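Report on the following structure.
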Number of protein chains: 2
Amino acid sequence: MLSLTEENYLKAIYHLSDGGTKSVLTNELAEAMSTKAASVTDMIKKLSVKEVITYEKYYGVNVTTAGKTKALHVIRKHRLWETFLVQTLGFNWDEVHEVAEELEHIHSIRLIDKLDEFLGFPKADPHGDPIPDGKGKISTRPQVSLDQLGEGYQGIIIAVKDSDSNLLKYLDKIGAKPGRKIKVAGKEEYDESMEVHIGDKKFFISKEVSKNILVTQ
Amino acid sequence: MLSLTEENYLKAIYHLSDGGTKSVLTNELAEAMSTKAASVTDMIKKLSVKEVITYEKYYGVNVTTAGKTKALHVIRKHRLWETFLVQTLGFNWDEVHEVAEELEHIHSIRLIDKLDEFLGFPKADPHGDPIPDGKGKISTRPQVSLDQLGEGYQGIIIAVKDSDSNLLKYLDKIGAKPGRKIKVAGKEEYDESMEVHIGDKKFFISKEVSKNILVTQ
DNA sequence: TATAATATTTAGACTAATCTAAAAAATAAT
DNA sequence: ATTATTTTTTAGATTAGTCTAAATATTATA
Ligand SMILES: [Mn+2]
Ligand SMILES: [Mn+2]
Ligand SMILES: [Mn+2]
Ligand SMILES: [Mn+2]
């Protein structure tokens, strides 16, 4: 079984590897975990002994199939808890990530399956991120971050990044929620800021913001 | 702030001291924590530096006022989570203690207050144990364990011990739930077993069982 | 291709929580 | 009042996770 710390490393590796599709370097993992490269080296040795990652000295790590399953289980718990906090307890969507970071490490499988059932088997969490099922199956829709698109684009917001509380407060203010229609009315070459239409309202958003909005293609 | 382990020690000390009314010895704490006396000595030094207990070498530990407050906050979380698991998620009362042992260490105060509100500010958990309020105030009713009483006693079950899953399954079978009327119809001197009437049914229970049933005086 | 810059790993040290074995204090028994 | 027994504490090790500083490997630059 993985410790809480190991679970957090594995989750970070899973995310940084884009779901296990590319390898992750020591320094980016250190950055993501707010720790030092030396600590990362120690930890990835442990994780490769446990066979949730493979590790080639100096060339980064890759998630194994077993590792993917475990990472997805933690992600499932994280997203179900976030859904519970918003849907059942009335939290705002910018208040749940930190709490879910703790709740995702509670071990009972029965608990998380009952919670899933209680919530009505939700497909996505409050930020639009898909919730893996009990077997670790996750349904991903094709998506792009808004900053990659240009004037004339029209589509639907799929998800937003969930870890920055201030960004979420701002997105809430402009109504940038999953499910909403969004249109790029103009784009400034210089700083890649955009004019977007969300519902019947118009906003100017910086690239810093558009990077964090994921939309349909 | 206390670590998870420190919280568990403090909670055990609080319980063993009967809510801070008497001092706790090293060996009984070791027994309760399933650890060795040497480990306990190390830990109680740490806890006394943090001023949640006082400690006199060779003479045991006592909980401070600050320690009581912290212990009661953990107990509040434990009992609210147990209530949630039974009331909201449909767990049986014998399945919740272990899970609550993990959930009680989630830190968010906002979470537990929202949970309390969602549950309708319950006064007691599924086993009848009182739930402290946000300020650490706990309402205790005068109570005795059933084994202390004799033939002719009549009263109401207040609570049952929550940590033994098999005991709880048995108590469920004979209908020994908090709130139920109970009567001692007879007591055997030799082994202190009893005949009890619960509702309209009659049962013979051993002292091992009657010790774990708390009733009104 | 040799050298400089960057990335990664190793070495050694630290804290928290645990253990076993030995020493010391308190309590019980003669 | 000694001696024996029990309880508690100390000493020294161990593991997980972290750090800094030094060594080594890789990549970029001249
Ligand atoms: Mn999150
Ligand atoms: Mn989320
Ligand atoms: Mn319990
Ligand atoms: Mn309980």
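These numbers come from the heavy atoms of this one structure, side chains and all, not from hydrogens, waters or symmetry mates. What you are looking at is a predicted structure, and each value in this text was computed from that prediction instead of being measured.
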Describe the nucleic acid contact of Ser39(A) in one word from base, sugar-phosphate, nothing, applying a heavy-atom distance below 4.0 Å.
base

Whole angstrom value for the distance that separates P of dT18(C) from CG of Leu47(B):
11 Å

In sequence, state the C-alpha distance, the side-chain angles, and the governing distance for Lys187(B) and Asp147(B), and then conclude on salt bridge (charged side-chain N to carboxylate O under 4.0 Å, His left out).
CA-CA 10 Å; Lys187(B) 189 169 181 179; Asp147(B) 66 304; over 6 Å; no

Could you check whether Glu101(B) pairs with Lys11(B) (Lys NZ or Arg NE/NH1/NH2 to Asp/Glu carboxylate O, under 4.0 Å)?
yes

Expressed as a whole number of angstroms, how long is the span from Glu31(B):CD to dT8(D):P?
12 Å

Considering only heavy side-chain atoms of Met43(A), the closest of dT9(D), dT18(D), dT18(C) is dT18(D)

Report yes if a side-chain nitrogen or oxygen of Asn27(B) is closer than 4.0 Å to either non-bridging phosphate oxygen (OP1 or OP2) of dT6(D); otherwise report no.
no

Is any side-chain nitrogen or oxygen of Lys45(A) closer than 4.0 Å to OP1 or OP2 of dT9(C)?
no

Tell me whether the side-chain N/O atoms of Tyr59(B) come closer than 4.0 Å to OP1 or OP2 in dT9(D).
no

Before accepting this row, confirm whether a basic side-chain N of the pair Lys177(B)/Asp172(B) lies closer than 4.0 Å to the acidic partner's carboxylate O.
yes

Take the protein atom CD of Glu6(B) and the nucleotide atom C1' of dA16(C), then report the distance between them rounded to whole Å.
9 Å

Whole angstrom is fine here: how far is it from CD1 in Ile44(B) over to C1' in dT8(D)?
9 Å

Separation of dG12(D) C1' from Lys36(B) NZ (nearest whole Å):
17 Å

Whole-Å gap separating P (dA16(D)) and CG (Asn8(A)):
17 Å

Side chain of Thr5(B) only, heavy atoms from C-beta on: which candidate in dC19(D), dT10(D), dT18(C) is closest?
dT18(C)

Think Lys57(B) has a side-chain N or O under 4.0 angstrom from the OP1 or OP2 of dT10(D)?
yes

5' precedence on DNA chain D between Leu4(A) and Ala38(A) (nearest-nucleotide basis):
Leu4(A)

Check whether any side-chain nitrogen or oxygen of Thr26(B) sits under 4.0 Å from OP1 or OP2 of dT9(D), and answer yes or no.
yes

Write down the distance between CD (Glu56(A)) and C1' (dA7(C)), rounded to a whole number of angstrom.
16 Å

Tell me if a side-chain donor or acceptor on Ser34(B) pairs with a main-chain N or O of Ala30(B) at a distance below 3.5 Å.
no

So, does Tyr55(B) get its side chain near the phosphate of dT9(D), meaning an N or O under 4.0 Å from OP1 or OP2?
yes

Between dC19(C) and Thr35(B), is there an OP1 or OP2 to side-chain N/O distance shorter than 4.0 Å?
yes

Take the protein atom CG of Asp42(A) and the nucleotide atom P of dA16(D), then report the distance between them rounded to whole Å.
11 Å

Charged N to carboxylate O under 4.0 angstrom, Lys77(A) versus Glu104(A)?
no

Can you see if the side chain of Tyr58(B) gets near the phosphate of dT10(D) - specifically, an N or O under 4.0 Å from OP1 or OP2?
no

